[in-house]
Number of protein chains: 2
Amino acid sequence: MISLSNPSPPGRTLAEQVYGALKSDILAGALTAGSALLTRDLLERYHCGVSPLREAVARLVGEQFLEATSHRGVRVPSFSVNDVEDVYRIRIALEREALALAIIHGDDNWEGAILAAGHRMEKAPLPDRNEDQGHAVSEWEKRHRSFHTSLVSAAPSPRLLRLINQMVDQTERYRALRLAGSDQAKIGRDIVAEHRRLMDLVIARDPACLELLADHLDHTRQAVVALIRSAAIP
Amino acid sequence: MISLSNPSPPGRTLAEQVYGALKSDILAGALTAGSALLTRDLLERYHCGVSPLREAVARLVGEQFLEATSHRGVRVPSFSVNDVEDVYRIRIALEREALALAIIHGDDNWEGAILAAGHRMEKAPLPDRNEDQGHAVSEWEKRHRSFHTSLVSAAPSPRLLRLINQMVDQTERYRALRLAGSDQAKIGRDIVAEHRRLMDLVIARDPACLELLADHLDHTRQAVVALIRSAAIP
DNA sequence: AATTTTTCCATTTTCCAAAATATTGACAGG
DNA sequence: CCTGTCAATATTTTGGAAAATGGAAAAATT
């Protein structure tokens, strides 16, 4: 067993497996934000030698999922309002660009994929109460993410799509927070209607969809920021 | 001696030094694009053991300056028109966002830095003929880059600025090509006037500067694309 | 002759122990 | 009582040797 929060991320070399497992753990919040990671704990946790671990860590540093200081190990970046705003700002700029490309280049398959993803999202509704519905919420999040991915998937820009994915992953780190306060987050927003309208505009290739997407993401940003503030994260 | 095209990049650990040296060599084109890198050549070249090399490579993979395939080593990504367009697209979206933030948050120091950078750029003019003026061109490029950096430097978004830097580095790889054809690139463009106008609009906090910057970068993109096409790069 | 299987070799990947560097706590001097 | 120095300890970093892997040549089978 390699990962503690993911069954078994496929990857040929050990270093890749550890990379995947460590990344999952960071995104899932299994490694508390702001904490320093001791090498020997990680060695124990991922059951490997120093080389694969070090390689995995170095790669995550390159992708900003970890912060490194010479001779002082690595830390999981801590949460902050500024950081959330930073990430969402980038995400909005990039997704808008990608969506603009997608509505130019998208074909029938793309439209089909969007409809399918939208449908799957509506079929896994966000539970009204967030009591012990952790699984349901997580399923919804997964489908929600794949809906957004489908929107921009037709953009012929691998780098752009990769960067967007990276930013989405960054926001993923705040998921625990989002889940804790999903009730408030929904206040004043009809999520389903919002997405359906977005979907319609996109498929109609209406340029207004760019603004709508930007607004949609900005609302999410505001919700997350509000949550951090209320959760009193340093 | 660690680096082959850079004197001695400061860095505490060996891995960091190798990282810097390898990155420099990639950006400077010392490692031909598209070529596979043999581990033992790199070991020889950077005069270090496998561990620091491996770590440096892993980090560069995370930043997309190298492509890795399991058990088949790493390659320097090859040049392509699509890639240039991809990178510039991202760069434009991000720099526009950053400049918008900068003209909101910029203070007097920021304005001063822009004026200084603009002045330095004008004092190191691009030579008319690109005969053996390699050094002069490279000095101009350095100052040109620092001018553009100064424009967005006031944006309070570390992630955004880092990403922009990364994209500029990516375009840096095509520098050899740009130099080879700098004559053509200048045709029909008054670079000095273009930059001065940009500078004036930015300092006046005129929102029109966003469009101008985007156009400016787009022209550069077109010039680079034309060069690649004429250089018949696969 | 074509196709599959086997063997060998170059290369990457991994482990491990030694070296380098930070951090902690104690202790002497101001 | 505070401050700075020095040793002891903990942690990270590095080099080299061993293991694993993929690809290509050689052998064997159809």
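In what follows, every chain begins at residue 1, and chains take the letters A, B, ... in the order their sequences are listed. Model, not experiment: these values are computed from the prediction.
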Side chain of [X], heavy atoms from C-beta onward: which of [options] has the nearest atom to it?
{"X": "C48(A)", "options": "dG15(D), dA22(C), dC15(C)", "result": "dC15(C)"}
{"X": "T13(A)", "options": "dT14(C), dT13(D), dC15(C)", "result": "dT14(C)"}
{"X": "L38(A)", "options": "dG15(D), dT11(D), dT14(C)", "result": "dT11(D)"}

Evaluate salt bridge (Lys or Arg N to Asp or Glu O under 4.0 Å) for R143(B) paired with E139(B), printing each intermediate quantity in order. CA-CA 6 Å; R143(B) 299 187 181 196; E139(B) 182 62 26; 2.8 Å; yes

Taking only N and O in the side chain of [X], is any of them less than 4.0 Å away from OP1 or OP2 of [N]?
{"X": "R40(A)", "N": "dT11(D)", "answer": "yes"}
{"X": "S51(A)", "N": "dT13(C)", "answer": "no"}
{"X": "R72(A)", "N": "dT12(D)", "answer": "no"}

Between [atom2] of [N] and [atom1] of [X], the distance in whole Å:
{"X": "L14(A)", "N": "dA19(D)", "atom1": "CG", "atom2": "P", "value": "16 Å"}
{"X": "Q17(B)", "N": "dA20(C)", "atom1": "CD", "atom2": "P", "value": "14 Å"}
{"X": "E67(A)", "N": "dT12(D)", "atom1": "CD", "atom2": "P", "value": "16 Å"}
{"X": "L43(A)", "N": "dT13(D)", "atom1": "CG", "atom2": "P", "value": "13 Å"}
{"X": "D41(A)", "N": "dT11(D)", "atom1": "CG", "atom2": "C1'", "value": "11 Å"}
{"X": "L42(B)", "N": "dG15(D)", "atom1": "CG", "atom2": "P", "value": "14 Å"}
{"X": "E55(A)", "N": "dT14(D)", "atom1": "CD", "atom2": "C1'", "value": "15 Å"}
{"X": "L53(B)", "N": "dT13(D)", "atom1": "CG", "atom2": "C1'", "value": "14 Å"}

Where A98(B) and A155(B) come nearest, the two heavy atoms and their spacing: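 The pair with the smallest heavy-atom distance is O-CB, 3.5 Å.
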
Hey, what do you get for CG (N82(B)) to OG (S157(A)), rounding to the nearest 0.5 Å?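 Atom-to-atom, N82(B):CG and S157(A):OG are 8.5 Å apart.
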
Relative to each other, are the rings of W140(B) and H144(B) parallel, tilted or perpendicular (30° and 60° limits)? parallel

Can R221(A) and E85(A) be counted as an ion pair, charged N to O under 4.0 angstrom? yes

Comparing H71(A) with R54(B), nearest DNA chain C nucleotide closer to 5' gives the residue R54(B)

